[in-house]
Amino acid sequence: MILSTSDTTKNIPCLYQNFYLILSIFWFIFAIIYEHFSHGVYSLFMQLCFLFPLLGGFILSWLLSKLKLPQPSYFIQHLYICGLMTLNIGSCMRGIFDISGVATNLLFIYIVVGLPILLFAMIKYLFDSRKILR
Amino acid sequence: MSNPQKPRLPVPVLLYFILLIGFTIYVLLDAFIIPRSYIAIANVDETTKESTAGSTEESSVSEDTVALSTDTTYQDDQISITLNNYRAYDTDIYVADIILTDASVLKTALANDIYGKNITATTSSIAEAHQAILAINGDFYSARNGYCIRNGILYRNTSDDSSQQDLVIYQNGDVSIISEGTIRAEELLSDGAQQVLSFGPALIEDGDISVSETDEVSKAKTSNPRTAFCMIDTLHYAMVVSDGRTDENAGLSLFQLASFINDTLAPQSAYNLDGGGSSTMYFNDAVVNQPTTTGNKISERKVSDIVYIGYN
């Protein structure tokens, strides 16, 4: 298991690129099917749920390789997907509760946990990639 | 430099995802499945400023009372109910016209008489348990936030939306529609509020329609079964339920509901309650409408509370 914290190089592959694409397609289809049975009630959080893995995962990793920028280390990639998936599932859950009309006080936990992890991964990548580029 | 091999998924990441999925399952169970009971906060006897001597919280039917009822009417010395069926907007609409001599027979009831979350029962079973003459589903308080006062007991005083409109029924039978941001639940209780339901929106206020054609509940944009409570005059009310979601009944939008009520009843105020699969009207020991959740099967949905006319 490789968990190097400063091993940001161009030779490290993106571990989850295909996964992000498959997940984007999954959420897109899921939202369509879910709202088909929701008697006309809709939620933007459900409809746009697929954008998390698409923009934040697949497109971002594609851009990194296209622009020949340093790939994030495995550690950062693992951290990033944890944060992104937390926010992604939180968005889906918000959609479910919006559509059902049920209230809950627990959804904020997805943001409180997911956002700091995501931001830490992004900031760590920026610092590590600056060292590489110097 | 050779490309490094892709590592396997680290155990900490795997554990994190297991935790994330477990938490998600818990959130869904907590919201939709796990029953919880809560205690009340206060009741009207503790907070009413003026003496209520002479007014009765308990309603009773005297031994001399004679009740006459048919399929569409009920009459005794305190309660007069007439049930009328209408057809509008390709939808069957049931209107119970209610005239009372005492507001104490206008009550609410909780499923299993327990205040809590995910504690539900059908409107008819709750009505039967309280020997209700007439009943409709309430605001499904357990699925929502907002003020909750039932039969003079304050159960919930928190609000997460200051613009949330609530229906207030006072001890003397007066009805008003308030916004939660303008008054605290404790103040409503001390002002004599007997029932506070939090769903909305207000359909008619001071005799005027207060919803637009684009207004909807919770982003719903299609027609649905509906439930509404109206005050026509002092101690003169109406309960309105419409069918929907089937080929025979298209359902109503909020504006259509408000328009129908305004044209048919001309009430001072009308308030939208929980609709969709919850919409149920119970009268003289039978469900009178066609409740349905999916449109494929006619059956009552279990709800958390009802509004009813009765002595128990």
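The chains referred to below are lettered A, B, ... by the order of the sequence lines, with proteins before strands, and numbering in each begins at 1. What you see is a predicted model; the values in this text were computed from it and never measured.
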Participant: Taking the side chain as every heavy atom from C-beta outward, state whether F32(B) and S100(A) have any atom pair closer than 4.5 Å.
Facilitator: yes
Participant: Inspect the surroundings of CG in L15(B) and state if more than 12 heavy atoms from other residues, nucleotides or ligands are less than 6.0 Å away.
Facilitator: yes
Participant: Chain B: which of L107(A), I109(A), T104(A) shares the most heavy-atom pairs with it under 4.5 Å?
Facilitator: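 Counting heavy-atom pairs under 4.5 Å, the top option is I109(A).
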Participant: State whether the side chain of H39(A) and the backbone N or O of T293(B) hold a donor-acceptor pair below 3.5 Å, judged by distance alone.
Facilitator: yes
Participant: Are there over 12 heavy-atom neighbours, none belonging to F28(A), within less than 6.0 Å of that residue's CZ?
Facilitator: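 Incorrect, the count does not exceed 12.
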Participant: Side chains of V113(A) and F23(B): does their closest heavy-atom pair fall under 4.5 Å?
Facilitator: no
Participant: With a 4.5 Å heavy-atom cut-off, do R144(B) and V102(A) have their side chains touching?
Facilitator: no
Participant: Would the number of heavy atoms belonging to other residues, nucleotides or ligands and lying under 6.0 Å from OH of Y155(B) be above 12?
Facilitator: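 Enclosed.
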Participant: Looking at V27(B), D274(B), D30(B), which one has more heavy-atom pairs under 4.5 Å with chain A than the rest?
Facilitator: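 Of the candidates given, the most pairs with chain A belong to V27(B).
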Participant: For chain B, which residues of residues 79-91 of chain A have at least one non-hydrogen atom nearer than 4.5 Å to it?
Facilitator: I81(A), C82(A), M85(A), T86(A), I89(A)
Participant: OH of Y26(B) to CG of L106(A): how many Å apart, nearest 0.5 Å?
Facilitator: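 Between Y26(B) OH and L106(A) CG, I get 6.0 Å after rounding to 0.5 Å.
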Participant: Could you tell me whether the side chain of Y110(A) reaches within less than 4.5 Å of the side chain of L20(B), counting heavy atoms only?
Facilitator: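 Answer yes - side chains close enough.
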